[in-house]
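For clarity, every value in this text was computed on a predicted model and none was experimentally measured.
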Amino acid sequence: VKSEWDPLPPPPQTDWAEAVVLAAGRLDAEQAEKLALTILQDNPPLAARCILESGMKAGDAIIEKVTARLLADVENHGVRLPARLAAGKMLAKLGDPRLSKQRGEVQLAGDEKVTFLAPDWVNVPAGSFQMGTNALQARLLQLQRADVTSDEQPAHIVQVSAFKMARFPVTVAEYRCFMEADGYENDAYWKEENSLRWRNATLPFEESYAAAQFRLYKENAEQFLPQLDALVRQGRISQPQAEAFRILVKSSDDEIREQWEENEKSKRGSSGTVARPWLWDNQQYTVDNQPVIGVSWYEACAYAAWLTEMLRKEGAISEREEIRLPTEAEWEKAARGTSGRLWTWGNLWNASYANSLEGRVTQPSSIGAYPRNKSPYGVEDMIGNVWEWCLDWYNESEFKRSSPVDKDRLGKEVKDPCRVEGGTARVVRGGSWNNNRSIARCSFRSRSVPDCFDYNIGFRLVCSPSSLS
């Protein structure tokens, strides 16, 4: 490691790993399995490579043993992080049982069968909780070098009805089922306003998220450029992020437009319609048990509509229930519970507990690879890894609202709040691998326009009665 911002290095590599894989391919089945089991004791990813790359004839028993050990390492905080991450990637290749056990199949018209992966649901009970950040919590955050923003204040009491939340964000493997079921082509799933317009043709650049972000960065360049070096020294942003900002604000409109057009093209098929997440062809972002990234709010909603149909046809949910994005209030309650936690695990920051900027992983990680990143209800990976889309429109003054027009939220307990009308951007929560402790926490609020897609935005689902649809 040359600097504190260099990517986290992988586990130490052995000189004899390739020789072991070749040897496994030359031995008979029984001897190859014995070799893999011996390697499994000290190097589970290498044992998996023997099965996957050597050509050995591996029986179900040896595959189950290697899979079980890889999963145990992923979920064990006592295993060093590089080893957990390596185990997670090999587990995805060998077949992650957390995904395969959720596999379902329904028959549609004719002989067509559709495969899906159902979420592992966690129950979040009805009841009240504190939403937002109070003065004491703000002080505790500041003592830990975490900033507090005005839009998360004042803290107030919110009552939320019972719902079920997915234990993990939607993974690459889950989203692939939607793609293989022609989810992008079926208009019935694209119900949200402007979703079909966005899916069917590229929006004018002037209306795009890229143009809006570029204008924002340009407008604030004079304020932020002098602060970049200090922010790097304080650990609030990384050196690569500072350099990227400098390059961005020096770019011309034509350069930004050209980059945006390239990104849009990578998502669209030959007909010009959206056909895949951004970076879908990049192996770094398409590991089966990692959260899917590069999806817009429209795509997340379309996936939820598709999964609602699949689970209803299977009989897993009733006609009264639907799968959807969480409201902002549901997301925050599921993350912090009723005790007002600052992070899912408690009130003291620990960089080893979540995939955030401080950990230098610099990409999404396999689900569950940070076992301490677990909410009071057992929902995992809510801090860091990927931002998660919420149902609500974002309003900077949401917690301060008090007018005859809007529901009074100031100084009163409100029930199931959700801003379903009006706005330009949707709420995103949780922070990502590219954000620090100030942002990757339970009560931090952010937003992104619905057509935005990025390498650190994914989504998570809830199941509840469909009163918000």
Side-chain angles (χ1 to χ4, degrees), residues 122-165 167 326-354 356 358 370-385 387-388 390-392 394-402 407-419 427-432 435-447 460 462:
V122 174
N123 289 314
V124 180
S128 300
F129 80 105
Q130 177 206 292
M131 190 171 186
T133 302
N134 62 32
L136 181 61
Q137 291 165 334
R139 178 58 178 156
L140 184 55
L141 285 166
Q142 290 162 356
L143 289 172
Q144 299 179 78
R145 295 191 296 121
D147 299 323
V148 179
T149 56
S150 62
D151 66 348
E152 62 190 271
Q153 297 172 316
H156 55 292
I157 301 301
V158 171
Q159 188 179 132
V160 177
S161 300
F163 62 96
K164 292 182 286 188
M165 177 170 270
R167 186 178 303 278
T327 68
E328 187 176 14
E330 288 170 338
W331 192 97
E332 188 167 327
K333 181 178 181 181
R336 72 193 315 191
T338 57
S339 60
R341 294 182 180 185
L342 302 180
W343 293 278
T344 53
W345 55 84
N347 293 323
L348 297 179
W349 170 253
N350 190 316
S352 70
Y353 286 7
S356 66
E358 291 89 344
Y370 291 80
R372 301 287 176 85
N373 189 357
K374 189 177 296 184
S375 85
Y377 304 108
V379 186
E380 301 191 40
D381 288 354
M382 297 190 78
I383 301 301
N385 213 3
W387 284 105
E388 298 180 7
C390 290
L391 192 63
D392 313 58
Y394 174 82
N395 179 357
E396 183 178 5
S397 302
E398 181 71 18
F399 293 2
K400 302 177 178 68
R401 285 194 293 146
S402 181
K407 181 192 295 184
D408 190 345
R409 191 159 175 166
L410 189 62
K412 293 185 179 180
E413 180 172 320
V414 294
K415 182 175 181 180
D416 294 327
C418 180
R419 179 170 280 270
V427 173
V428 290
R429 285 297 202 113
S432 77
N435 301 112
N436 74 354
R437 72 192 74 180
S438 289
I439 294 173
R441 55 185 175 84
C442 294
S443 58
F444 184 86
R445 307 177 66 220
S446 193
R447 73 277 195 186
R460 184 189 302 263
V462 298

Across all chains, not counting sequence neighbours, the side-chain contact (heavy atoms from CB on, under 4.5 Å) partners of Asn134 are Gln130, Leu136, Gln137, Ala155
Hey, could you give me the SG/CE distance between Cys442 and Met382, rounded to the nearest 0.5 Å?
-> 7.5 Å
Set of residues satisfying side-chain contact (heavy atoms from CB on, under 4.5 Å) with respect to Pro371, sequence neighbours excluded | His77, Arg84
Phe129 meets the ring pair (Phe, Tyr, Trp, His ring centres under 6.0 Å) criterion, sequence neighbours left out, with none
Between Val379 and Arg460, does a side chain to side chain contact (heavy atoms under 4.5 Å, CB included) hold up when you go through it step by step?
-> CA-CA 11 Å; Val379 186; Arg460 184 189 302 263; 3.3 Å; yes
Under the side chain to side chain donor-acceptor pair (under 3.5 Å) test, which residues partner Thr338, sequence neighbours left out?
-> none
Nearest-0.5 Å distance that lies between atom CD in Glu398 and atom SG in Cys418 | 9.0 Å
Under the salt bridge (charged side-chain N to carboxylate O under 4.0 Å, His left out) rule, what pairs show up with a residue in residues 135-149, not counting sequence neighbours?
-> Asp147-Arg236
CG of Leu141 to CZ of Arg441, rounded to nearest 0.5 Å, is 5.0 Å
Once you round to the nearest 0.5 Å, how far does CG of Asn350 lie from OG of Ser352?
-> 3.5 Å
Nearest 0.5 Å, what's the CE-CH2 distance between Met165 and Trp331?
-> 8.0 Å
Quick one: side chain to side chain donor-acceptor pair (under 3.5 Å) partners of Asn385, sequence neighbours excluded?
-> Asn355, Ser365
Say you draw a straight line from CE of Met131 to CD1 of Ile157; how long is it, rounded to the nearest 0.5 Å?
-> 11.5 Å
Got a sec, which residues hit salt bridge (charged side-chain N to carboxylate O under 4.0 Å, His left out) with Glu332, two or more places apart in sequence or on another chain?
-> Arg336, Arg429
Apply salt bridge (charged side-chain N to carboxylate O under 4.0 Å, His left out) to Arg167 and list each qualifying residue two or more places apart in sequence or on a separate chain.
-> Asp120
Partners of Ser432 by side chain to side chain donor-acceptor pair (under 3.5 Å), sequence neighbours excluded?
-> Asn435, Asn456
Please identify each residue that fulfils side chain to side chain donor-acceptor pair (under 3.5 Å) with Tyr377, with sequence neighbours left out.
-> none
Val427 and Arg447, any side-chain heavy atoms less than 4.5 Å apart = no
Beyond-backbone contact of Lys415 with Ser161, side-chain heavy atoms, under 4.5 angstrom = yes
Can you sort out the partners of Gln144 under side-chain contact (heavy atoms from CB on, under 4.5 Å), two or more places apart, ordered by chain and number?
-> Leu140, Leu342, Trp343, Leu348, Trp349
Partners passing side-chain contact (heavy atoms from CB on, under 4.5 Å) against Thr149 (at least two apart in sequence or in another chain) | Asp151, Glu152, Phe444
Non-hydrogen side-chain atoms of Ile383 and Ser356 separated by less than 4.5 Å | no
Donor-acceptor under 3.5 Å (Glu358 side chain, Arg437 main chain) | yes
